[in-house]
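The structure appears below as structure tokens.
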Amino acid sequence: MPNDKLTDAISSHVACVLKEEREKRDLSLKMLAKKSGISRQTISYVEQEVQSPSLDTLLRITSALGVDLAKIIARAQKRASKKSPPAAK
């Protein structure tokens, strides 16, 4: 598919945006895990792009962060369309 690179870029940027939002709120992985009901390891894997999150996982993380998933994806799409590489891990 011709959009595979764009899709990969968006996914990568989603991971970065989620980490930025967590850090902006001064939440540790452990604190976000407790708030979201998702393991610390899973959140870490999502942020490091080791694991692609399910929709349920994304919704639980964004809900715990108090952010709208659609806005996270929109930010990631905007970054990906500018072809800027995601922030260093």
Side-chain angles (χ1 to χ4, degrees):
M1 291 173 70
N3 287 332
D4 281 349
K5 287 185 180 181
L6 179 60
T7 301
D8 289 346
I10 293 169
S11 294
S12 181
H13 285 289
V14 165
C16 291
V17 172
L18 288 173
K19 184 175 182 177
E20 289 168 10
E21 290 295 326
R22 177 180 62 78
E23 291 175 342
K24 184 165 60 172
R25 287 160 178 74
D26 205 27
L27 289 173
S28 66
L29 287 169
K30 185 176 180 180
M31 290 166 41
L32 181 56
K34 187 173 183 175
K35 286 183 74 166
S36 66
I38 297 170
S39 75
R40 182 200 57 78
Q41 191 65 52
T42 296
I43 295 169
S44 177
Y45 283 166
V46 168
E47 289 183 353
Q48 295 175 44
E49 300 175 61
V50 172
Q51 180 179 326
S52 293
S54 67
L55 178 59
D56 179 66
T57 298
L58 286 171
L59 289 169
R60 290 168 68 183
I61 291 171
T62 55
S63 176
L65 290 171
V67 296
D68 184 44
L69 177 56
K71 289 182 181 179
I72 297 292
I73 293 170
R75 283 173 52 194
Q77 285 177 314
K78 185 175 180 180
R79 290 181 186 186
S81 68
K82 290 182 179 181
K83 299 187 181 192
S84 62
K89 295 179 191 173

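By convention here, the first residue in the shown sequence is residue 1.
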With a cut-off of 3.5 Å and sequence neighbours excluded, list every side-chain donor-acceptor pair involving residues 27-35.
residue : atom : partner : partner atom : Å
Ser28   : OG   : Lys30   : N            : 3.4
Ser28   : OG   : Met31   : N            : 3.0
Lys35   : NZ   : Ala64   : O            : 3.2

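- Atoms CG and CD1, on Leu18 and Ile72 in that order, are 5.5 Å from each other to the nearest 0.5 Å.
- The side-chain hydrogen bond (donor to acceptor under 3.5 Å, both in side chains) search around Arg25 returns Glu21, not counting sequence neighbours.
- Shown here are the side-chain hydrogen bond (donor to acceptor under 3.5 Å, both in side chains) partners of Thr62, two or more places apart in sequence or in another chain: there are none.
- Residues meeting the side-chain hydrogen bond (donor to acceptor under 3.5 Å, both in side chains) test with Asp56, sequence neighbours left out: Arg60.
- Linking ILVMFWY residues whenever their side-chain heavy atoms come closer than 4.5 Å, directly or via other members, places Ile73 and Leu6 in the same cluster.
- Across Gln41, Arg40, Glu47, a single residue satisfies side chain to side chain contact (heavy atoms under 4.5 Å, CB included) together with Ile43, and that is Glu47.
- In the hydrophobic cluster analysis, where Ile, Leu, Val, Met, Phe, Trp and Tyr join through side-chain heavy atoms closer than 4.5 angstrom, Tyr45 is grouped apart from Leu58.
- Qualifying side-chain hydrogen bond (donor to acceptor under 3.5 Å, both in side chains) partners for Ser39, counting only residues two or more places apart in sequence or in other chains: Thr42.
- Distance check, rounded to the nearest 0.5 Å: NZ of Lys78 to CZ of Arg75 gives 10.0 Å.
- In terms of modelled atom types and a separation under 3.5 Å, the side chain of Ser11 and the main chain of Thr7 share a donor-acceptor contact.
- You'll find the side chain of Gln51 stays beyond 4.5 Å of the side chain of Thr57, heavy atoms only.
- The two atoms that bring Val46 and Pro53 nearest to each other are CG2-CB, 3.8 Å, heavy atoms only.
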